[in-house]
Structure formats: structure tokens, C-alpha cells
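Below is one structure, written out as C-alpha cells, with a few remarks after it.
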Amino acid sequence: GATSGNFTPDAAHQLVRVMHHEAGPGGALLIGADLKKDPAILHRAYNDDSGITAAFNLNMLRRLNREFGADFNLADFAHRAVWNEASGRIEMHLVSRRKQTVCVAGRDFPLRAGEFIVTEHSHKYSLTEFRVMVQRAGFQAVEVWTDARDWFSVQLFLRR
């Protein structure tokens with residue numbers, strides 16, 4: 001499944017507008033938001049030592065092989081996640097370890113060594129950025145709860 005953080009900010013706003021419509025008069029929205037934090041923390045989380053995120057990321061190639069007849073050799077790709085400060089997001093990449101050509105759905109795609117495939121964006125928000133986006137969609141902020149470190153929030157909004 002995806003979260004609002006996986007959408008561009010504009011698309012996340014459109015999603016919240018749909019939620020506003022679906023909530024109907026007198027409705028409410030209870031939603032979680034991953035908050036901006038020290039980039040070193042994000043780097044450790046998305047480049048975890050146990051390789052869980054890398055396995056998740058590489059699974060996309062496995063699924064392309066199975067579901068679309070692709071011919072990715074998973075060993076020829078490395079997981080990389082980087083923080084993009086300007087966009088406020090983590091970008092997950094699969095980096096080609098060598099020059100190669102891969103075939104997906106009968107179409108060839110040449111890749112240079114070091115060239116990467118973007119597999120996911122995970123946008124992070126400040127509490128204010130997220131509240132403003134949801135309020136622009138027609139909700140009124142009621143309550144905000146965060147963990148002890150202010151890394152994640154759950155927010156309650158009422159439909160205006």
C-alpha cells in the first residue's frame with residue numbers, strides 16, 4: 001500500500017480533497033504523517049544495516065520479471081536511498097552495478113554503470129506543512145499527536 005507521503009505534494013493534496021468529499025458533511029479525517037527529521041536518521045532508516053529496505057526495493061525488479069516478462073538480474077543492482085532536501089523527500093533508487101541492457105515487456109532499456117531507476121519517493125512534512133495542505137482541502141485541524149521524538153504524527157481534522 002501507499003501513503004500520502006508517497007505522492008507528490010500536489011497529488012497528496014488532491015488525495016486529501018477526495019477524502020474531504022468522501023467524509024461528507026460532519027465527517028472527519030484521522031491521518032498519519034511522517035515528519036521531517038535529521039537526514040542522518042532518515043539515511044539509517046532507509047539504508048538499514050539488516051537490508052530490509054534494500055530487499056523491499058529489489059523486490060520491484062523481481063515482480064517486473066514475474067509479471068511483465070522482464071529480465072532483470074537482481075545481483076546487477078544496488079539499493080540506494082538519498083535525502084533530497086529541496087523536495088523534502090527520501091528518494092529510493094536501484095543503481096545499475098554495470099553497463100547492461102534490460103528488457104521489460106519486450107522493450108530494451110540500456111543502462112550505464114551507476115545509472116539508477118527511481119523506485120519511490122517518500123515525502124516528509126513539518127507539522128505546519130501538513131496541516132496547511134489538509135486545511136487547503138477543506139478540513140479544520142482539531143488535534144495533533146506525535147511520538148516522543150516528533151518523528152511521526154497522527155492528526156485529526158474535521159470537514160468544514
Side-chain angles (χ1 to χ4, degrees), residues 1-20 29-68 70-100 102 104-105 109-137 139 141 143-157:
T3 66
S4 59
N6 293 124
F7 294 94
T8 65
D10 287 342
H13 176 253
Q14 291 303 315
L15 174 65
V16 175
R17 287 178 52 91
V18 170
M19 292 175 181
H20 179 269
L29 171 65
L30 182 66
I31 189 168
D34 199 7
L35 300 176
K36 289 182 176 174
K37 53 193 72 70
D38 183 332
I41 293 166
L42 291 166
H43 179 79
R44 284 192 308 274
Y46 285 85
N47 295 286
D48 56 289
D49 291 338
S50 58
I52 292 170
T53 307
F56 173 82
N57 201 13
L58 285 162
N59 188 55
M60 185 190 69
L61 301 182
R62 187 175 288 108
R63 290 193 64 193
L64 286 167
N65 287 348
R66 183 177 65 242
E67 296 173 26
F68 293 94
D71 64 356
F72 288 97
N73 180 345
L74 277 59
D76 288 340
F77 290 87
H79 163 76
R80 175 180 70 195
V82 295
W83 173 246
N84 181 326
E85 180 72 33
S87 298
R89 69 185 182 213
I90 282 284
E91 296 177 356
M92 290 203 334
H93 303 159
L94 289 173
V95 183
S96 179
R97 295 179 188 267
R98 63 179 184 84
K99 181 180 177 183
Q100 60 181 307
V102 296
V104 180
F109 295 90
L111 295 168
R112 297 179 307 276
E115 191 169 2
F116 60 90
I117 302 166
V118 176
T119 57
E120 180 179 333
H121 288 163
S122 183
H123 292 82
K124 312 303 177 189
Y125 294 91
S126 70
L127 287 171
T128 300
E129 288 169 336
F130 197 78
R131 184 187 72 244
V132 166
M133 177 190 62
V134 176
Q135 287 179 330
R136 281 186 26 241
F139 285 99
E143 190 71 51
V144 175
W145 300 272
T146 65
D147 63 288
R149 296 179 282 195
D150 289 330
W151 288 358
F152 190 82
S153 69
V154 175
Q155 302 183 40
L156 176 64
F157 297 87

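All values derive from a computational prediction rather than experimental measurement.
In this structure, a donor-acceptor pair under 3.5 Å is present between the side chains of S50 and D48.
Contacts of H20 classified as side chain to side chain contact (heavy atoms under 4.5 Å, CB included), with partners at least two apart in sequence or in another chain: F139, R159. In this structure F130 satisfies the ring pair (Phe, Tyr, Trp, His ring centres under 6.0 Å) test together with Y125, sequence neighbours excluded. With sequence neighbours excluded, the residues that form a side chain to side chain contact (heavy atoms under 4.5 Å, CB included) with E143 are W145, L156. With sequence neighbours left out, the salt bridge (Lys or Arg N to Asp or Glu O under 4.0 Å) criterion links D34 to K37, K124. In terms of the side-chain hydrogen bond (donor to acceptor under 3.5 Å, both in side chains) criterion, T128 has no residue partners (sequence neighbours excluded). Taking H79 as the reference, nothing meets the ring pair (Phe, Tyr, Trp, His ring centres under 6.0 Å) condition, with sequence neighbours excluded. Residues passing the ring pair (Phe, Tyr, Trp, His ring centres under 6.0 Å) test with Y46, sequence neighbours excluded: none. Not a single salt bridge (Lys or Arg N to Asp or Glu O under 4.0 Å) links E120 to another residue, sequence neighbours left out. Among residues two or more places apart in sequence or in another chain, the side chain to side chain contact (heavy atoms under 4.5 Å, CB included) test is passed with L35 by L127, T146, S153. Partners of H121 under the side-chain hydrogen bond (donor to acceptor under 3.5 Å, both in side chains) rule, at least two apart in sequence or in another chain, do not exist in this structure. Judged as a salt bridge (Lys or Arg N to Asp or Glu O under 4.0 Å), and not counting sequence neighbours, R131 has no contacts. In terms of the salt bridge (Lys or Arg N to Asp or Glu O under 4.0 Å) criterion, residue partners of E67 (sequence neighbours excluded) are, by chain and number, R63.
Closest approach of T53 to A45, counting heavy atoms only: OG1-O, 3.5 Å. Considering all non-hydrogen atoms of both residues, R97 and Q100 come closest at N-NE2, 4.5 Å. Residues Q155 and A33 come closest through the heavy atom pair NE2-CB, 4.2 Å. What you find for A141 and F157 is that their closest heavy atoms are CA-CD2, 3.5 Å. Listed here is the closest heavy atom pair of R17 and A137: CG-CB, 3.7 Å. Here the closest heavy-atom approach between residue W83 and residue G88 is recorded as CH2-C, 3.4 Å.
Figure legend: cation-pi geometry between R80 and F116, with NZ or CZ positioned under 6.0 Å from the six-membered ring centre and within 45° of its axis.
Open room surrounds CZ on F68; 12 or fewer heavy atoms of other groups in view lie less than 6.0 Å from it. Other residues, nucleotides and ligands place no more than 12 heavy atoms under 6.0 Å from the CZ atom of R112.
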Between N73 and V102, is the side chain to side chain contact (heavy atoms under 4.5 Å, CB included) condition met? List the steps.
CA-CA 9 Å; N73 180 345; V102 296; over 6 Å; no
Taking it one step at a time, do L94 and L58 satisfy side chain to side chain contact (heavy atoms under 4.5 Å, CB included)?
CA-CA 7 Å; L94 289 173; L58 285 162; 3.6 Å; yes
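Side-chain contact between V16 and S4 is absent, with no heavy atoms from C-beta onward closer than 4.5 Å. H13 places none of its side-chain heavy atoms less than 4.5 Å from the side chain of D10. Side-chain contact between N84 and I90: absent, with no pair of heavy atoms (C-beta onward) separated by less than 4.5 Å. Counting only heavy atoms from C-beta outward, the side chains of F77 and L111 approach each other to under 4.5 Å. Within the 4.5 Å cutoff, the side chain of V118 has no heavy atoms near those of the M92 side chain.
Taking 4.0 Å as the cut-off between side-chain N and carboxylate O, K36 and E129 count as a salt-bridged pair.
Taking CZ from R89 and CG from N6, the interatomic distance works out to 11.5 Å, rounded to the nearest 0.5 Å. Atom CZ of residue R62 and atom CG of residue N57 lie 11.5 Å apart, to the nearest 0.5 angstrom.
Side-chain atoms of H123 come within 3.5 Å of backbone atoms of F7 as a donor-acceptor pair (strictly under, hydrogens ignored). Using modelled atom types, no side-chain atom of D76 and backbone atom of R98 make a donor-acceptor pair closer than 3.5 Å. A donor-acceptor pair under 3.5 Å links the side-chain atoms of N47 to the main chain of H43, judged by distance alone.
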